[in-house]
S.K.: 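Supplied in structure tokens, the structure appears directly below.
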Amino acid sequence: MGIDPNYRTNRPVVKQENGVKVYGPIDPPKILGIHGTIVGVDFDLCIADGSCITACPVDVFHWTDTPGHPASEKKADPVNEQACIFCMACVNVCPVAAIDVKPP
Ligand code: SF4
């Protein structure tokens, strides 16, 4: 199962990190929540495949280190979500369906 497309209303915002909102629950380092609002990445699903980083034409994602997380020790963080042009390339290439994109 991939990211919950309704996480923006189903989950509470627990903090701001690297310029984007984090939707909980979180319990670091093992549970990290969903990062971003325009471009949301479920850090608990992300396996650091990197396809989204390669696919994105406007450099929305940067790697963030997440040592101790069971799925992967780095995540594609949507730090530049304001630049998104809604091409959906990242959504289509993610092998674990960890990304949801929604225009504001
Ligand atoms: S939808 Fe396109 S522009 Fe937006 S983050 Fe994904 S790949 Fe980048």
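We count ligands from 1, going down the list as the structure has it; atoms in each ligand are counted the same way.
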S.K.: Does a side-chain N-to-carboxylate-O contact under 4.0 Å join Arg8 and Asp100?
M.R.: yes
S.K.: So, does Thr66 use its side chain to make a donor-acceptor pair with the main chain of Lys74 at under 3.5 Å?
M.R.: yes
S.K.: Can you tell me if Cys90 has an N, O or S atom under 2.8 Å away from atom 6 (Fe) of ligand 1?
M.R.: yes
S.K.: Taking His69 for the side chain and Lys30 for the main chain, is one N or O donor matched with an acceptor at less than 3.5 Å?
M.R.: yes
S.K.: Numbering the atoms of ligand 1 from 1, which are under 4.0 Å from a heavy atom of Phe61?
M.R.: 5 (S)
S.K.: Considering only protein heavy atoms, which is closest to atom 8 (Fe) of ligand 1, and at what distance to one decimal place?
M.R.: Cys56 SG, 2.4 Å
S.K.: Would Met88 and Val39 show up in the same hydrophobic cluster when neighbours are defined by side-chain heavy atoms closer than 4.5 Å?
M.R.: yes
S.K.: Record the part of Ile85 in heavy-atom contact with ligand 1 below 4.0 Å; permitted values are side chain, backbone, both and neither.
M.R.: both
S.K.: So which heavy atom in the protein is nearest atom 4 (Fe) of ligand 1, and how far is it from that ligand atom?
M.R.: Cys84 SG, 2.3 Å
S.K.: With heavy atoms of Met88 as the reference, note each atom of ligand 1 found under 4.0 Å away.
M.R.: 1 (S), 2 (Fe)
S.K.: Suppose I only count heavy atoms of Val58 and a 4.0 Å limit; which atoms of ligand 1 are within that range?
M.R.: 3 (S)
S.K.: Any N/O/S atom from Cys87 (main chain or side chain) under 2.8 Å of atom 2 (Fe) of ligand 1?
M.R.: yes
S.K.: From Lys102 NZ over to Tyr7 OH, what is the distance, rounded to the nearest 0.5 angstrom?
M.R.: 9.0 Å
S.K.: Under a 3.5 Å cutoff, is there a donor and acceptor pairing between the side chains of Asn80 and Asp59?
M.R.: no
